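What you see is a predicted model; the values in this text were computed from it and never measured.
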Amino acid sequence: SEEEQSGQASVYQQQQEQYVGPYVLITPNETRRNQMQQIAKKELDDLEQWKEKHRPGPIKLVPQRLGGKESEAQARQNQQMMLMQSKYQQKHKREEYVKAKKAAEEAEILKKKAIQREKAERLEVKKRQQEMQRREMFLEDQYYKTNELLNRLDLGLPKSDSCQIANRGPESTAWTRSHTYKQALREDENRRLEEMKQEQRRKAELMEFKQKQEEEARTRARQNEQRSYLQSLFIFCFILRVNNAFLDRLQNKTQHSSIYQPAYSGSLDYLSNDAWVS
């Protein structure tokens with residue numbers, strides 16, 4: 001049986017393979033192909049049945065009159081109000097956009113100015129520190145040189161003995177000069193430090209004053225913007241009230257003329273509510 005199966009498989013393989021020139025043509029399996037076609041056909045039939053089953057039915061609506069319950073005058077008044085509101089809203093949006101853009105540009109400029117001011121202040125502080133270091137080094141070197149000179153002068157004086165105890169004029173004079181010079185240097189340094197502190201205090205006060213001025217300017221600008229917005233809103237309300245009064249007078253006048261002129265009622269059918277509603 002195994003030999004028969006292997007023989008049948010070799011025969012089937014030989015039947016499938018056909019040599020056409022340099023190519024090998026392999027024919028499909030007919031049984032498998034028929035099964036796949038049957039499955040596909042069954043699925044298509046199921047899909048068509050599902051579509052037929054779930055097809056939407058006819059739409060049934062109750063007939064009704066279009067146009068709503070508003071009259072022509074009221075509809076025109078609403079249209080006029082919406083048009084005016086849209087115009088003012090667009091104008092307000094444009095103004096808000098321009099203000100926001102200007103505020104963003106001013107904020108960017110102020111930010112750049114603050115960065116540059118901070119850099120300048122850091123550079124100034126660095127220069128001041130370098131200047132103080134150089135001054136301290138100079139004063140220290142000068143102090144050492146002065147002490148060295150005074151020591152040399154003290155060493156160059158004659159030794160004190162019993163005869164010279166009462167007369168110590170040159171030594172005492174040199175010590176006095178050294179002490180006076182040191183005290184003068186100390187006073188000068190204290191004075192310079194005090195001046196630097198006062199200068200820093202003045203700069204801090206000036207910066208605080210500038211910050212207060214900027215805050216006041218921003219507050220005034222904000223108040224002006226609020227005032228302008230309230231003025232525009234008041235003007236809009238006033239114009240809207242005037243237009244409403246004008247439309248009311250026009251409607252009353254139209255109704256009055258239609259009452260006292262019945263001969264023209266047939267020619268004004270396009271202004272009636274029925275024509276407007278339909």
Side-chain angles (χ1 to χ4, degrees), residues 56 58-124 203-259 261 264-265 267-278:
I59 299 174
K60 296 180 180 179
L61 295 176
V62 179
Q64 58 181 357
R65 300 175 67 180
L66 303 178
K69 298 180 181 179
E70 295 181 353
S71 61
E72 182 182 2
Q74 190 174 0
R76 291 186 181 278
Q77 184 178 359
N78 293 334
Q79 289 179 355
Q80 185 72 16
M81 288 176 63
M82 290 174 65
L83 180 62
M84 292 179 63
Q85 289 177 359
S86 64
K87 287 181 180 179
Y88 278 100
Q89 286 177 358
Q90 291 177 0
K91 183 179 179 182
H92 184 64
K93 285 182 179 179
R94 286 196 298 270
E95 291 177 355
E96 290 293 333
Y97 174 74
V98 171
K99 288 179 182 179
K101 187 176 180 181
K102 188 176 180 181
E105 291 177 354
E106 290 180 355
E108 188 68 22
I109 292 171
L110 291 175
K111 184 178 179 180
K112 290 181 179 179
K113 285 183 178 180
I115 292 171
Q116 294 297 328
R117 191 182 300 112
E118 187 177 357
K119 288 182 179 179
E121 289 176 355
R122 285 202 300 266
L123 183 61
E124 187 178 357
K203 287 184 178 179
E205 292 176 356
L206 181 61
M207 188 178 296
E208 186 178 358
F209 179 70
K210 287 182 179 179
Q211 290 179 356
K212 287 182 179 179
Q213 284 184 344
E214 291 177 356
E215 186 66 26
E216 290 177 357
R218 285 195 293 269
T219 305
R220 285 196 297 271
R222 196 181 301 110
Q223 290 177 356
N224 293 330
E225 290 179 359
Q226 292 178 356
R227 192 178 296 109
S228 63
Y229 175 72
L230 291 174
Q231 288 178 357
S232 62
L233 185 62
F234 176 75
I235 293 170
F236 170 71
C237 293
F238 179 75
I239 294 172
L240 184 62
R241 187 180 298 173
V242 171
N243 289 333
N244 291 334
F246 174 73
L247 291 173
D248 292 338
R249 289 197 300 271
L250 184 62
Q251 185 177 3
N252 294 331
K253 186 176 180 180
T254 305
Q255 293 177 357
H256 185 73
S257 62
S258 63
I259 291 171
Q261 294 178 3
Y264 294 97
S265 61
S267 62
L268 296 176
D269 290 338
Y270 66 93
L271 296 176
S272 63
N273 294 330
D274 296 334
W276 172 253
V277 172
S278 62

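- Judged as a side chain to side chain contact (heavy atoms under 4.5 Å, CB included), and not counting sequence neighbours, the contacts of Ser86 are Leu83.
- Residues satisfying the side chain to side chain donor-acceptor pair (under 3.5 Å) test with Asp248, not counting sequence neighbours, are none.
- Separation of atoms CE (Met82) and CD (Gln89) is listed at 9.5 Å; rounding is to 0.5 Å.
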ask   = Going through the checks in order, is the side-chain contact (heavy atoms from CB on, under 4.5 Å) test met by Met207 and Lys203?
value = CA-CA 6 Å; Met207 188 178 296; Lys203 287 184 178 179; over 6 Å; no

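- Of the residues Arg218, Gln211, Gln213, the one that meets the side chain to side chain donor-acceptor pair (under 3.5 Å) test with Glu215 is Arg218.
- Under the side chain to side chain donor-acceptor pair (under 3.5 Å) criterion, Arg249 pairs with no residue at all, not counting sequence neighbours.
- Residues that satisfy the side chain to side chain donor-acceptor pair (under 3.5 Å) test with Asn244, not counting sequence neighbours, are Gln77.
- Rounding to the nearest 0.5 Å gives a distance of 12.5 Å between CZ of Arg94 and OH of Tyr97.
- Once rounded to the nearest 0.5 Å, the distance linking CD of Gln74 with CG of Asn78 reads 5.5 Å.
- Scored by the ring-ring contact (aromatic ring centres under 6.0 Å, His included) test, Phe246 finds no partners at all (sequence neighbours excluded).
- In this structure, CD in Gln85 is found 11.0 Å from OH in Tyr88, a value given to the nearest 0.5 Å.
- Applying the side chain to side chain contact (heavy atoms under 4.5 Å, CB included) criterion to Glu96, with sequence neighbours excluded, gives His92.
- A salt bridge is defined here as a Lys NZ or Arg NE, NH1 or NH2 lying under 4.0 Å from an Asp or Glu carboxylate O, and Arg122 with Glu118 meets this definition.
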